[in-house]
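Quick notes on the structure that follows.
All heavy atoms count here, side chains included; hydrogens, waters and symmetry mates do not. Note on naming: letters A, B, ... go to the chains in the order of the sequence lines (proteins, then strands), and numbering restarts at 1 for each one.
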2 protein chains.
Amino acid sequence: MTRTPGSKKAETHAGIVKTAARALRRSGAAGVAVADVMQQAGLTHGGFYAHFASRDAMLAEAAEQAAGESLASLTRAVERRPHPQTPLQALVQAYLSERHLQTPDRGCLLAAMGTDLQRASPALRQVATAQIRQMLETVRAQLPPGDRAERDAAAVMTLSAMVGAMVIARAVDDDAFAAQVLADTRERLAANAAPP
Amino acid sequence: MTRTPGSKKAETHAGIVKTAARALRRSGAAGVAVADVMQQAGLTHGGFYAHFASRDAMLAEAAEQAAGESLASLTRAVERRPHPQTPLQALVQAYLSERHLQTPDRGCLLAAMGTDLQRASPALRQVATAQIRQMLETVRAQLPPGDRAERDAAAVMTLSAMVGAMVIARAVDDDAFAAQVLADTRERLAANAAPP
DNA sequence: GTCATAATATGATGATCATCATATTTTTGA
DNA sequence: TCAAAAATATGATGATCATCATATTATGAC
């Protein structure tokens with residue numbers, strides 16, 4: 001009835017979701033093929049519907065996994081920041097880094113497939129909405145003090161700029177231009193955060 | 001040999017491109033089907049390859065059309081701004097408007113399918129890169145004076161925030177939240193632009 | 001070790017889609 | 001008006017893909 005102890009199914013399921021979370025960021029929502037994900041997870045396509053009600057359901061789980069991973073990675077970057085850096089600087093630098101630019105499949109879901117969400121299934125959008133709220137909360141927690149509305153607005157603007165800059169940097173076919181977009185946005189966000 | 005005067009082919013071609021420019025923003029790069037575009041343009045699918053070497057080639061032309069349309073619309077908004085508004089305010093308000101939120105197929109290409117570009121054909125990326133440079137130039141032209149590097153950086157940050165905010169606002173499944181994201185970003189960008 | 005059952009694999013099925021070959025219609029120059 | 005050329009339509013073809021039906025294999029209780 002409930003899950004037998006020692007059952008392997010949950011592990012297999014989690015493996016598929018992890019694989020799908022990478023695929024979703026590498027290929028976008030429309031680019032994820034059920035059979036490909038199963039193969040990359042070391043399985044064949046047939047067992048898929050023993051794990052998910054539909055491809056959409058898998059994508060929703062994958063999105064949650066992906067967003068969780070990248071939020072954890074940002075939090076880690078803030079915790080392990082080198083001494084002179086403020087928490088906000090650490091967060092912004094980690095997000096707008098060369099490393100993040102080059103590894104979409106390990107990074108932020110929004111930067112990888114954010115524009116697919118406006119066309120996505122309700123389940124996927126719901127997951128994404130919750131994750132966006134969490135990201136905003138994480139950014140807000142690093143901001144200097146101020147009244148509530150002001151901090152909220154600053155968090156929204158900061159997250160928007162981070163996401164937009166990464167979308168643009170990944171879109172262009174000129175590496176130097178991409179690097180400049182990231183550098184300029186990092187610099188201006190830092191300037192905003194610390195007005196001396 | 002060259003185009004006969006009075007030939008209708010160029011008009012038909014332009015019509016297909018215009019239709020495709022809408023479809024590209026409505027459905028994303030992966031969602032545009034050749035036969036659908038042709039039908040929406042009032043034609044059948046068979047003639048397609050008399051107009052384009054491939055689907056990719058059509059998408060590249062469509063992207064150029066789309067970006068041109070939306071840049072023109074932004075420029076118009078700046079020119080026709082009501083009196084007390086600065087040019088930058090007019091631009092930001094037009095971009096981060098409820099109207100733009102609701103009509104992706106008439107708006108900014110980046111907000112509609114920006115995250116597809118990292119996976120797009122070289123031809124499409126090249127068009128997109130050129131259009132991003134033009135958008136940056138347009139933003140820069142509205143900024144208050146300052147040295148060159150400073151204005152460039154401010155333009156990059158402003159465009160990034162505009163694009164990111166629209167991507168986020170369209171992604172979420174909560175209208176009030178979406179409106180708040182736009183409002184907060186508008187407010188903070190205005191504050192940045194006019195530091196008294 | 002054996003058997004019931006859970007988990008996974010094999011192998012369709014029908015739909016969608018880009019592309020192309022060929023036929024038909026429209027246009028144009030005389 | 002009429003035929004050559006241009007433009008568009010009709011109708012494959014083969015590929016990809018989500019989903020499902022059925023067969024096979026692995027697992028754990030006894």
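- Note on E137(B) versus R140(B): salt bridge recorded, some NZ/NE/NH1/NH2 to OD/OE distance being below 4.0 Å.
- Within residues 21-29 of chain B, no residue is approached by DNA chain D to less than 4.0 Å at the level of any non-hydrogen atom.
- No side-chain donor from either of E61(B) and Q65(B) sits under 3.5 Å from a side-chain acceptor of the other.
- Residues forming a side-chain hydrogen bond (donor to acceptor under 3.5 Å, both in side chains) with Q134(A) (at least two apart in sequence, or on another chain): none.
- Between I16(A) atom CD1 and dA7(C) atom P the separation is 12 Å, expressed in whole Å.
- Minimum heavy-atom separation, R25(B) to P104(B): CB-O, 3.4 Å.
- Closest approach of L109(B) to A66(B), counting heavy atoms only: CD1-CB, 4.0 Å.
- Contacts between residues 48-55 of chain A and DNA chain D, counted as heavy-atom distances below 4.0 Å, involve Y49(A), S54(A), R55(A).
- A salt bridge is defined here as a Lys NZ or Arg NE, NH1 or NH2 lying under 4.0 Å from an Asp or Glu carboxylate O, and R26(A) with D36(A) fails to meet this definition.
- Ring-plane geometry between Y95(A) and H100(A) is classed as perpendicular, the angle between the planes exceeding 60 degrees on a 0 to 90 degree scale with a lower cut at 30.
- A salt bridge does not link D184(B) with R151(A): none of the charged nitrogens is closer than 4.0 Å to a carboxylate oxygen.
- The side-chain hydrogen bond (donor to acceptor under 3.5 Å, both in side chains) test applied to D105(A) returns R22(A), not counting sequence neighbours.
- The stretch residues 38-46 of chain B comes close to DNA chain D through L43(B), T44(B), H45(B), G46(B), each having a heavy atom under 4.0 Å from the strand.
- A search for side-chain hydrogen bond (donor to acceptor under 3.5 Å, both in side chains) contacts involving T158(A) returns nothing, not counting sequence neighbours.
- The shortest distance between the side-chain N/O atoms of T12(B) and the OP1/OP2 oxygens of dA7(D) is not below 4.0 Å.
- Here V32(B) lies in heavy-atom contact (under 4.0 Å) with sugar-phosphate atoms only.
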